[in-house]
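Following: one structure in C-alpha cells, then a few remarks.
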Amino acid sequence: MREIFKASELQEAFSLKEKGAVYFAGGSEILRLGSSVGKVKSLIDVNSILSHEIKKEGGFLVIGAAVTFQEILECGFSPEWLRKAVHLMASQALRNQATIGGNIACVRDDSYLIPSLLASGASLTVYGTRGLASIPLEDYVRKGGCSCLILSVSIPSDVKVALKRFSRSASSHSALNIAASSRGVFACVKSSGIALSVDELEKLEYRDDITGSGEYKKYLALEEAGRLMKEVNA
Amino acid sequence: MNISFTLNNKKVTWNLEPDQRVREALYAHGCVTVRDSDDGEGFTGSDIIIYNGMPRSSNLMLCFQLEGADVRTAESLKKGKALNDVQEAMIKAGVVQSAYNSPTAALILTHLLERKPDAARYDVKEALSSLFIRDAGYEHFYLAVRLVQEKRKTGMYQSAVSPTFRDNLSYIGKPMDKVDGYALVSGDKVFVEDKVEPGSYVLKVLRSPYAMAYIRKIDTKEAEALEGVEAVITHENCPDVYYMQAGQGNPEPSPYDRRLFNRKVRHVGDRVAAVVAKDEETALKALSLIHVEYEPLKPVFTVEEAIADGASLVHNGKVSYVSGAPDNLDEYNRNADERDGQVIYQFPLHGDIRHNIAAGAHGGIGDVEKAFRESDAVVEATYQTSQVQCTPLEPHVCYSRMENGRLVLHCSTQVPYHVRRIVATVCRIPENKVHVIKERVGGGYGSKQDILVEDLCGYATWLTGKNIYYRNTREEEFIANSTRHPMRLTVKMSGNKDGRITGIYMDVRANTGPYGNHCLTVPMNASSKTLPLFKVENMYYDLTTYYTNIPPAGAYQGYGAPKGYFAIMSAMDELAHKLGVDPLEMALKNVVDEGYMLEILKGLGEGREGTVVPVGSCGVKEALKKGAEMIRWGVREKSPDPDWEIGKGFAMIQQGSGLPGLDQSNAQCKLLPDGSIVLLSGGADIGTGLDTISAKIVCELLKVDPSRVTVVSGDTDSCLFDTGAYASSGTYFSGNASLNAVKDLKEKMLAEAALQMNEDVKDLDVEAPGFIVCAKSGARLSYEKLSHDSLAGDGRGAIIGTGTFATGNSAIPYGAHFAQVAVNKVTGEIRVQKFYALQDAGTPINPELALCQMYGAAQKSIGHTLYEDMVLDENGKCISADFTDYGVPMIEEAPEDFKAVLIDVNDQYGPFGAKSISEIATNGAAPAIANAIYDAVGARVRSWPITPEKILRALGKI
Ligand SMILES: Cc1cc2nc3c(=O)[nH]c(=O)nc-3n(C[C@H](O)[C@H](O)[C@H](O)COP(=O)(O)OP(=O)(O)OC[C@H]3O[C@@H](n4cnc5c(N)ncnc54)[C@H](O)[C@@H]3O)c2cc1C
Ligand code: FES
C-alpha cells in the first residue's frame, strides 16, 4: 500500500520529499508501466499547492508547474513553438494529464519539453532548502534535477525557437529531440544524454538502443543542429 | 476510505483504497467499458474516462483523485436501451469490429462533439490520438463523426458508408447494422473477463529467464505450502501428453513437440511452472517461492545460427511419426536426449530436428536454371522480415470452471473446436466432457488461432475443480505468444526486355522459434500465395523452417504471404528497373487471368500433392489499372521542400479463402414456434462480421427482417463443428455452411407448407416478411402458423435445416495496393502520403465492414513495414515488450490520403459470389512502400522495419 499525503504548504511538501516521498503532479510518469519512480511507497499530492495558471509577466510567459500539456496547447498566448513542443506528446489523454513541472523534473533523455525550453532560455522558480529560488533551467538540467519543488517556468516572450523530434512513430520514444534558438542548440539524445551546446553534441557518447544506433543518432543530431540554426537565423 | 464523487451524473460514495487504480475500482463497480489493454502503460486508451470534463487514462489515476470529481464512462451514453447517436453512427460506419475499446471510442467522440459540434478532421484525429485501433483502422471514424453531424443538422445521414453491390438482392452487398454491434458498442458484458465470477481463482505462470536451459531441479514445496495456493504444476507433475498449440485441422502439419511443461525450456518466457491460487497476490508470491536450478545452454536465435555447424539443438529428443516414418528412425534416435522430450510428426514434413529443421518443402514447374541462363536480365536479392506481434487489444484470456462434471471454458478464440480437442487431449478426457464457449473476441489477428492459454487454464481447472481466470500480461503477449515468423527470403527472378518474366526462384528460410506451431503452413504461404499470381512457366521454391530460441512464432493474419509479397514484388521491381521496363507494365503482362491453368499448384499442397485448377474470378488487372489511375502512376510528384522526394510503388496481391480439401464448416438453422429463426453456426466471429453474414443469408433467402433472426456461434455444445476462423475461411466456408443450412431449412419449410396448405411444393415460394405463398392459388401461410402447426400435438415435428460445406474449389481474392511516400534525403524520415488498397473480394456481403477490414489490415501491415519490431538482447530477452517500445501505428501514422476500394467481381463458388477480405489486405504495404521509397530516393531497403536509419545507410549517409 502506498501512502498519499495531500500537501497544503510548500515546506510540508518539501520536507516529505526529503524523507523519500515523491511529488505527485499529473502522475503520468509515476503511474505508468515501467516507471522509474513507480515503486515508491509515499506520494505527495502537490496539485493544490501548485499554480495551474499561465500568465504574462513583463517580458515573460509564466507557466505554473501544474499546467498540463493540453492547457499549454489550448492557451491563446502560448507561442507557436511551445505549442509544437507540447504537441510532441501525441496522445491527447496524456496531454490532459502530464504537467510541465513533471516533465522537467523527470529530466529524461527523451524529454518532450526540455530541449525547447532550454533553447528559449527558460528559468524555474523552485522551492527547496533555501525557500523560494529562481534557477536557470540549464542549471537544473545540468545537475540532473533535484529535490526542489518546481513552482513555475518563466519563458522569455520574444524568443524564436526551432525544434524537431525524431522517433520511429509519433507515440514511441525519441532517438533525438532537438531545439535551437539564438542561444544555441540543445538536445536530448536517447540513452546518450542531454547536450546543451553544439560542442557538447559533438562530444556526446552516442549509444545504441532500440531507437537506433549511436552512429545514426550522431549523424542526425549534427545534421539537424545545422538545419535548425539555419531556420532560426532565417 | 469513503470517497464521494459524481459518476455518470449520479453522486456516489464508495469505499476505496486511496492508492488503488481508478480503472480497477470502476470495473469492479460495474463499469465494464473501462478496460485495460496495456497493464497501465497509458498507451492504448481502452481505459479512458472523462474526468472533470477531460479524457484521461483511468489506469494512470489513483482513487484519491476521485474525491469530488466528475467522472463519465461509456456506461453514460445509452439512454435507457437506446444508443446515443455516436454509437449508432459507429455501427453504421462499420468501425465496431472486435470492439474491445469501441465504447471508449464512442465516449471520446461524444465528448468531442459536445465541445465542438462541428469538429473537423483535425479535431477527430486529435481526439482519437490516445486510442489504439488495430482492427478497423481509423478512416471510418471520421465518417462516423460526419454521419452524426449530418443527422443532427438534417435529421438523416447524407453520406454513403460504402458502395452497394448486387441490386437484385436486399441484404447481401448492402450495409446493415452488425448483429453484435449494439452489444459491443454499448459495453455489454460480452468478453471473457466479464464472465469471471467473484471468488474465482487465478493462474499465474513462472517463466524462464533463459533462452535455453535444462531444468535441473525444481522445488515447489514452499509455494505449495503458502496459504491460498491450490496447485503448483510443473514438468514433474503435468500430464505426459505431447501436443502442439496451433489450432489446425487434425492431423496437423505441425509436430507435437511440447507438453504443458517441459524439462527443457526453449525461450525467455517459456513456461516453467504454474500456480493456482485464491488471488493474484498469493499467486505471485507463490511464484517467487518456487526454486529452480537451471543448466543454461547456448541458444540460437537466427536462421544462420541454427544452420551453423555445431549449433545447439533446440529439440534433440526422440522423433516418431504417426504415419510415414522413415526406415532409419531407430538410427536417427540413437543419440536422442531424454531430457528433450519427444517430437511426434503426424506425417512427414521433411523435418530434421538434429539440424534444427522443423519442416521443409520444395517444388515447382519448368526449368528455372535454363530460364535464368537464357534471359535478358536476372536479379537476385535477399529480403529479411522481422518478428512482429498481433497485439490484440484484449490479450489472451481464459476462464474455466466445472459444471456437472464437465469442463466449461469461456474463451477468446478463433478456433473453439480445436480448443475443445486440444484441451480434451491434454486432460486425457473425451471431447464430450469439454464445453467451449467462444465469447466476443477483442482482437485475434491469428494469434487466437493458437491454443496458448486454454490448454493450461483448462487443465488447471480439471485438476483442481476450481473456477480459474487466466490473463496474459502485455509482456507475456510479446514473449509467450505467437508472432510472425521472421523469414529470410532470397528471390531470383529473370526476364526479357519485352517485360516478360521467365523464371522465379524463392528460397524461404523461416524461423519458427522454440516450437513448431504452423512451421510448415505459415512459411509455405510465402510461396503458395505468391507464385500462383504469376503467369510464368518456370518457378521453383525451397522452404526450410528452423527451430531457434526466439519467442514463439505462429499464425498472424496473412500467414507467410506478407513476407512472400515483400520479397517477390520487391524483386519484380528490381527486375523491371534492371530491364528498363515500367513495373506496372511488367505486372500487367505477367499476372494471371481468369481461366489460366495453375500448374504451380501441384507443388504447393500443404505437405501433400496439390491439385491443378484454373484461375477463377479475378479482379487483379482491374485493381492494378484503377489503382494506377488513382495514384497517377507514371507522374512524378514534386515536393515543395528540396529535402523531401516523392515516390510511388505498388504490389499486386492474392490470398485464399480457407483451405479447400482440408477445412469443413457446418451450420444449423431452426424455425422457432413463432416463425422467427435461430441460426447456429460453427464459425467463430472474431469481430469481422461473420455472424452478420449468416444473418443476412437467412434474411435474403427467407425474406425476413433481421429483427426476426438470431445467430448463435462458436459454442461447441450447441453448434456443429467448424475448423475455425483462420486462413480467410469465414465467409467462404462458414458462410457457405450457413447458406446450405438455410437452403435446407427453406426446402423443408416448403415441403411442410405443401402438406399444411395442400398445395404442390413446386408452386410454393417464400415472401417478405415471412410467408409461404402459392403462385397458383394465391394462398398464404405465415411462418408462425407453419411452425406452430408443425410443432403441435399432431404436427410432423421441428423444422430444422442443416448445412455442411467442404470443397475442392478455391475462391481466391485478388488486389493491388499502391503507395505514395515522401522521403527526406537528409534524415531518412518517411511519410506515407497516399495508400490505396484495391481488392476483389467477390461480392462484399458486408461492404462497410469489408472496407474497415481493409483499412485495419493495411494499417497493420504499414506497421510491420515501418515501425513494429520485437528486439531481442543478446540473451534472447525481448526489450521491446510494450506498445511504446514495440511501436504500433496509431492515428498519427495513418496515411494522409487513405482509400479502400472494392473491385466488383462475382465469384462462382463463394456464397452469393463472395470471397475473403481481410488477410489479403496485409500483403501489399511492405512491397508497395519499399518500392515507393526506392522510386523516391533510390534507396533499396530489404529488411523490416524500413527505418530512417536503414534508408540513410542505403543512401550512404552513415
Ligand atoms: C506512454 C507514455 C509515454 C511517455 N513518453 C515520454 C517521452 O517520450 N518523453 C517524456 O518526456 N515523457 C514521457 N512520458 C512521461 C510523462 O508523461 C511526462 O514526462 C510528463 O510530463 C510527466 O508529468 P506528470 O505531471 O504526469 O509527472 P508525474 O508523474 O506526476 O511526476 C513525474 C516525476 O516528476 C516529479 N515532479 C512532478 N511535478 C513536479 C514538480 N512540480 N516539481 C518537482 N518534481 C515534480 C515527480 O516527483 C516524479 O518524480 C510518457 C508517459 C507515458 C504514459
Ligand atoms: S537545489 Fe537548486 S534547484 Fe533544487
Side-chain angles (χ1 to χ4, degrees), chain A residues 1-6 24 26-35 38 41-43 45 47 68 70-71 73-74 87 89-98 110 164-173 175-176 208-221 223-224 226-227, chain B residues 17-21 38-43 45 47-49 51 54-57 59-62 64-65 108 126-132 474-475 643 826-829 863 866-869 871 879-880 882-893 945 947-950 952-953 957-958:
Chain A
M1 264 256 299
R2 250 185 305 225
E3 262 181 309
I4 292 151
F5 301 101
K6 267 190 164 298
F24 182 95
S28 65
E29 173 63 34
I30 294 172
L31 297 179
R32 79 189 183 91
L33 179 74
S35 160
K41 287 271 170 273
S42 317
L43 301 176
D45 179 10
N47 280 289
T68 64
Q70 188 66 17
E71 284 163 348
L73 189 65
E74 288 176 9
H87 199 263
M89 184 176 233
S91 155
Q92 193 186 58
L94 280 182
R95 290 199 303 268
N96 282 331
Q97 175 167 13
D110 58 4
K164 176 94 188 180
R165 178 176 186 266
F166 294 89
S167 60
R168 203 178 277 182
S169 69
S171 304
S172 49
H173 297 308
L176 170 72
D208 301 350
D209 63 17
I210 54 169
T211 68
S213 70
E215 195 187 0
Y216 162 67
K217 292 178 203 168
K218 182 166 189 180
Y219 164 86
L220 214 53
E223 275 293 332
E224 199 57 22
R227 200 195 63 74
Chain B
E17 294 299 339
D19 78 328
Q20 193 184 356
R21 303 266 169 168
D38 56 21
D39 301 342
E41 189 187 340
F43 190 98
D47 59 332
I48 285 177
I49 57 171
Y51 173 77
M54 275 173 303
R56 287 273 300 260
S57 168
N59 256 325
L60 299 188
M61 287 200 294
L62 300 179
F64 80 87
Q65 295 176 278
I108 291 171
E126 285 292 290
L128 295 180
S129 60
S130 316
L131 209 62
F132 177 44
R474 187 50 62 179
E475 187 189 14
D643 286 346
V826 184
T827 61
E829 289 163 284
L866 297 176
Y867 314 111
E868 299 178 31
D869 200 3
V871 184
I879 52 172
S880 55
D882 64 32
F883 283 105
T884 313
D885 287 338
Y886 173 70
V888 288
M890 303 281 279
I891 197 164
E892 192 61 42
E893 281 70 42
T947 59
E949 175 165 1
K950 288 182 189 168
L952 291 173
R953 287 192 190 283
K957 303 263 183 191
I958 48 175

So which residue, [options], ends up with the most heavy-atom pairs under 4.5 Å with chain B?
options: A/Asp45, A/Leu33, A/Ile30; value: A/Leu33
options: A/Arg2, A/Arg32, A/His173; value: A/Arg2
options: A/Phe24, A/Tyr216, A/Phe166; value: A/Tyr216
options: A/Ala175, A/Ser169, A/Ser172; value: A/Ser169

B/Tyr867: partners by ring-ring contact (aromatic ring centres under 6.0 Å, His included), with sequence neighbours left out: none
For chain A, which of [options] has the most heavy-atom pairs under 4.5 Å?
options: B/Phe43, B/Tyr51, B/Phe883; value: B/Phe43
options: B/Pro18, B/Pro889, B/Ser129; value: B/Ser129
options: B/Asp885, B/Asp882, B/Val888; value: B/Asp885
options: B/Ala127, B/Gly45, B/Gly887; value: B/Ala127
options: B/Asp38, B/Ile891, B/Leu62; value: B/Leu62

Just how far is it from atom [atom1] of [X] to atom [atom2] of [Y], taken to the nearest 0.5 Å?
X: B/Met54; Y: A/Gln92; atom1: CE; atom2: CD; result: 10.0 Å
X: B/Gln65; Y: A/Gln97; atom1: CD; atom2: CD; result: 7.5 Å
X: A/Thr211; Y: B/Glu949; atom1: OG1; atom2: CD; result: 8.5 Å

Chi angles and distances behind the side chain to side chain contact (heavy atoms under 4.5 Å, CB included) call for B/Leu60, A/Leu94: CA-CA 9 Å; B/Leu60 299 188; A/Leu94 280 182; 3.8 Å; yes
Side chain to side chain contact (heavy atoms under 4.5 Å, CB included) assessment of B/Asp869 paired with A/Arg168: CA-CA 11 Å; B/Asp869 200 3; A/Arg168 203 178 277 182; 3.6 Å; yes
Any side-chain donor near an acceptor of the partner, B/Arg953 and A/Ser213, under 3.5 Å: yes
[X] versus [Y]: any side-chain heavy-atom pair under 4.5 Å?
X: A/Leu43; Y: B/Asp19; result: no
X: A/Ser91; Y: B/Met890; result: no
X: A/Arg227; Y: B/Thr827; result: no

Measure distances from [X] to the heavy atoms of chain A and classify the residue's part below 4.5 Å as side chain, backbone, both or neither.
X: B/Gln20; answer: neither
X: B/Ile958; answer: both
X: B/Glu126; answer: both
X: B/Glu892; answer: side chain
X: B/Tyr886; answer: neither
X: B/Glu17; answer: side chain

Residue pair B/Val826 / A/Glu223: nearest heavy atoms and the distance that separates them: CG1-OE1, 3.3 Å
Exercise: identify the closest heavy-atom pair between B/Ser130 and A/Ala93: OG-N, 2.8 Å
Evaluation steps, side chain to side chain contact (heavy atoms under 4.5 Å, CB included), between B/Ile879 and A/Ile210: CA-CA 8 Å; B/Ile879 52 172; A/Ile210 54 169; 3.8 Å; yes
A/Glu224, part contacting chain B, at a heavy-atom distance under 4.5 Å: side chain
Part of A/Ala170 lying under 4.5 Å from any heavy atom of chain B: both
B/Lys950 atom NZ: more than 12 heavy-atom contacts under 6.0 Å: yes
Side-chain donor/acceptor of A/Asn96 to backbone N/O of B/Arg56, under 3.5 Å: no
